[in-house]
Amino acid sequence: MTETAAELATISAAPSPSRGRAAPSEGRIAQLNADYAPLDFKQRLHRLYEDFSPSRVLVTSSFAATSAYFLHIIHSVRPEQPIAFIDTGYHFPETIAYRDYLTELFGLSVFSLRAEEWKHQFTREDKTYQRDPDFCCAVNKVEPLEAAKPGYDVWVSSLMRWQTDHRADMEIFEWRRGILKFNPMIDVSREARDAYIREHDLPFHPLVKEGYSSIGCVHCTVKGDGRAGRWQGKPKTECGLHL
């Protein structure tokens, strides 16, 4: 193992910089879930900004297949909410174009989270995405987000239970990797999401029409229904952000 590889190998094992934060009690999380369960996606967002300081709310988006749905509702509730885009350096050009298009269309404030350049460059030269995709995700996705977490109290994601078996058991609120995670659309059905997209004439990611249903990095994404096109031929089903 080279010196660079050995240095990088500590990333996966290193504790999250946000793990020093005290976790809410199980009772507190259970109460939040009980309070938010009767609400719909949009109502949950309104309630979030009442219960938490808006400046301490982190919203991430991958600008993937149907991100316009999530972002349209976020923007309608709080237009000034900054959106964090985890720029892995391996996105499809169409993803960057979609990000820029939605940013202009909705008037979003988007900022990027990235790996340190030398770490990203190692994964590029090493072709880590082929050899060890979990490690590649740890360097280019997980670590940049972990570094940002201490500045926030709650992280808003766009996960839905029907997407994967791993997500099927997720709650609206959960304590995950050192931060209170908020999944406001976790129980939104595919049908409800698609109906909203049609109603508001929202644009899909340009690769959707070419047969891509779940869109990640260039090297790890192929055409396929649902998550079938991600890390094809490997047991991996999650990038690691939501584990």
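- Residues satisfying the side chain to side chain donor-acceptor pair (under 3.5 Å) criterion with S55, sequence neighbours excluded, are S53.
- Scored by the side-chain contact (heavy atoms from CB on, under 4.5 Å) test, A192 finds V188, S189 as partners (sequence neighbours excluded).
- Residues passing the side-chain contact (heavy atoms from CB on, under 4.5 Å) test with H91, sequence neighbours excluded: F85, D87, T88, T95, I96.
- Shown here are the salt bridge (Lys or Arg N to Asp or Glu O under 4.0 Å) partners of R28, two or more places apart in sequence or in another chain: there are none.
- Contact of the V77 side chain with the K42 side chain is registered, since non-hydrogen atoms from C-beta on lie closer than 4.5 Å.
- Remark: E26 CD is loosely packed, at most 12 non-hydrogen atoms of other residues, nucleotides or ligands lying under 6.0 Å away.
- Distance CG/L39 to CG/L48: 11.0 Å, rounded to 0.5 Å.
- A search for side chain to side chain donor-acceptor pair (under 3.5 Å) contacts involving Y36 returns D51, not counting sequence neighbours.
- The two atoms that bring P203 and L102 nearest to each other are CG-CD2, 3.7 Å, heavy atoms only.
- The main-chain N or O of F122 is never found under 3.5 Å from a side-chain atom of D126 such that the two would form a donor-acceptor pair.
- The two residues F173 and N33 have their closest heavy-atom pair at N-OD1, 2.7 Å.
- Annotation: side chain of K127 is in contact with side chain of Y129 (closest heavy-atom distance under 4.5 Å).
- Separation of atoms CG (N183) and CD (E174) is listed at 5.0 Å; rounding is to 0.5 Å.
- Residues satisfying the salt bridge (Lys or Arg N to Asp or Glu O under 4.0 Å) test with R44, not counting sequence neighbours, are D187.
- The salt bridge (Lys or Arg N to Asp or Glu O under 4.0 Å) check on D35 picks up R47, with sequence neighbours excluded.
- Summarising the geometry, atom CZ belonging to R176 is positioned 4.5 Å from atom CE belonging to M170; distances are rounded to the nearest 0.5 Å.
- Rounded to the nearest 0.5 Å, atoms CG (L71) and OG (S76) are 11.0 Å apart.
- K119 places none of its side-chain heavy atoms less than 4.5 Å from the side chain of T123.
- Taking the side chain as every heavy atom from C-beta outward, L159 and K181 approach each other to under 4.5 Å.
- Considering only residues two or more places apart in sequence or on other chains, D100 meets the side chain to side chain donor-acceptor pair (under 3.5 Å) condition with none of them.
- V218 is linked by a side-chain contact (heavy atoms from CB on, under 4.5 Å) to F92, counting only residues two or more places apart in sequence or in another chain.
- Atom CZ of F63 is separated from atom OG1 of T103 by 4.5 Å, given to the nearest 0.5 angstrom.
- Listed here is the closest heavy atom pair of F70 and T60: CE2-O, 3.4 Å.
- Y90 and H120 have their aromatic ring centers within a separation under 6.0 angstrom.
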Exercise. Given side chain to side chain donor-acceptor pair (under 3.5 Å), test Y49 with Q81 step by step and report yes or no.
Key: CA-CA 10 Å; Y49 290 112; Q81 172 65 56; 2.7 Å; yes
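- The two atoms that bring Q43 and P38 nearest to each other are OE1-O, 4.5 Å, heavy atoms only.
- Closest heavy-atom contact between T221 and G216: OG1-N, 3.1 Å.
- For E50, the side chain to side chain donor-acceptor pair (under 3.5 Å) test picks out no residue, with sequence neighbours left out.
- Side-chain atoms of R124 come within 3.5 Å of backbone N or O of G89 as a donor-acceptor pair.
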Exercise. Apply the test side-chain contact (heavy atoms from CB on, under 4.5 Å) to residues L32 and L180: give CA-CA distance (whole Å), side-chain angles for both, the deciding distance (0.1 Å), then the verdict.
Key: CA-CA 11 Å; L32 284 169; L180 185 64; 4.0 Å; yes
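- Without hydrogens or angle criteria, R56 side chain to G151 main chain gives a donor-acceptor distance under 3.5 Å.
- Counting only residues at least two apart or in different chains, ring-ring contact (aromatic ring centres under 6.0 Å, His included) contacts with residues 93-114 comprise H72-F106, Y98-H205.
- Pairs passing the salt bridge (charged side-chain N to carboxylate O under 4.0 Å, His left out) check and including a residue from residues 57-79, sequence neighbours excluded, read R78-E80.
- For the residue pair P150 and A147, the shortest heavy atom distance occurs at CD-O, 3.4 Å.
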